[in-house]
Amino acid sequence: MTSNPKHPDATKLIDLAALRQKSVLFAALTDAEAWELIGLSRQEYASARQDIYQVGQAGDSLHIVLEGRVKVSLLSEEGKEAILSILGTGEVFGEMSLFDGEPRSATVTTMERCQFLVLRRQAFLPFLENRLHVMLELIAEMSRRLRATNTLVGNLSFLNLSARLARILLNLVQQYGKVSPQGIVIGLKLSQEELGHLVGVSRESVNRQVRTWIDAGIIDYDHGTLIVLNSDALFREALAS
Ligand code: CMP
């Protein structure tokens, strides 16, 4: 852990070197700028399954994830959920309302215990002035998210359930996969309901597909932990539509 003598309280638990590796925002800052930004923010903790924002709420701050993961989702009037994205250490959320002043565009919920840095608009906008490179990193990140959402919409419109689920699993392997003697373990616990919300179908439909793949030796699923046993077969499923 690193601490900065200028801001001992605000920074005592922050490992800047580790944060830099995972955060496009912090990677774009010099050490002095990073500590300045940390000094402008406050730290916040939340336990698992807490709503940090609810869609439609007013908001003028953004959150940077220091530890843990959150899901970004939309809820239908009947309470159905669609997961747009899962964000982890170093990633930012809340930038949309901070920049455009509109209500929160989605609900953000912790998936595990989380630690955040929270930045208010009135502190962040003056910090961005004369720092075009930081602004460009944020725009690039928003572009990546728009691309990912385009892919999501395209997949929902054009692919069947097995191809969609296979693509989601391969994506999770890329982000959270760890090679083990049994196969590639996805280091993110997801219920079958949450898997359904990621692919846009009911838990029952996901369950049927998961069973088929378990029987075929393609994956294993144990108490929320997914293991990919045959990634070639999963690739083939992802390409069949
Ligand atoms: P904001 O609208 O302030 O609050 C909800 C946040 O969720 C939003 O800012 C973004 O940070 C994040 N968000 C909204 N839509 C998406 C998406 N499609 N992909 C990833 N993150 C999103």
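Hydrogens, waters and symmetry mates are skipped; everything else that's a heavy atom, side chains included, is used. Numbering of ligands and ligand atoms starts at 1, following listing order. Starting from 1, each residue takes its place in the sequence as its number.
For the pair Ile227/Ile184, no side-chain contact is recorded, criterion being any heavy-atom separation below 4.5 Å from C-beta on. A 4.5 Å side-chain heavy-atom check between Val228 and Trp213 finds every atom pair outside the cut-off.
When hydrogens are left out, the protein atom nearest atom 18 (N) of ligand 1 is Thr149 OG1, 2.9 Å; that is the closest non-hydrogen contact. Looking only at heavy atoms of the protein, atom 15 (N) of ligand 1 is closest to Leu84 CD1, 3.9 Å. Closest to atom 14 (C) of ligand 1, if we only count protein heavy atoms, is Ser105 OG, 3.4 Å. Nearest to atom 22 (C) of ligand 1 among the protein's heavy atoms is Val72 CG1, 3.7 Å. The closest protein non-hydrogen atom to atom 21 (N) of ligand 1 is Arg145 CD, 3.7 Å.
Among all heavy-atom pairs drawn from Val55 and Thr107, the shortest one is N-OG1, 3.0 Å.
Val70 and Tyr45 fall into different hydrophobic clusters, where Ile, Leu, Val, Met, Phe, Trp and Tyr residues are linked whenever their side-chain heavy atoms come under 4.5 Å apart, directly or through other members.
Both the sub-6.0 Å distance and the 45° axial angle are satisfied by Arg104 relative to the ring of Tyr53. Both the sub-6.0 Å distance and the 45° axial angle are not jointly satisfied by Arg120 relative to the ring of Phe124.
Heavy-atom contacts of Tyr53 reach the following atoms of ligand 1: 4 (O), 5 (C) (cutoff under 4.0 Å). Near Ala106, meaning under 4.0 Å from one of its heavy atoms, ligand 1 places the atoms 5 (C). If you number the atoms of ligand 1 from 1 as listed, the ones under 4.0 Å from a heavy atom of Phe93 come out as 11 (O). The contact set between ligand 1 and Ser85, taken as ligand atoms under 4.0 Å from a residue heavy atom, comprises 19 (N), 20 (C).
Around atom 4 (O) of ligand 1, the closest heavy atom drawn from His63, Glu95, Arg104 belongs to Arg104.
Where the criterion is an N or O separation shorter than 3.5 Å, residue side chain and backbone included, Val92 fails it with respect to ligand 1.
For Ser73 and Glu81, the side-chain atoms include at least one donor-acceptor pair closer than 3.5 Å.
For the pairing with Glu91, the side chain to side chain contact (heavy atoms under 4.5 Å, CB included) check across His63, Arg69, Glu141 returns one residue only, Glu141.
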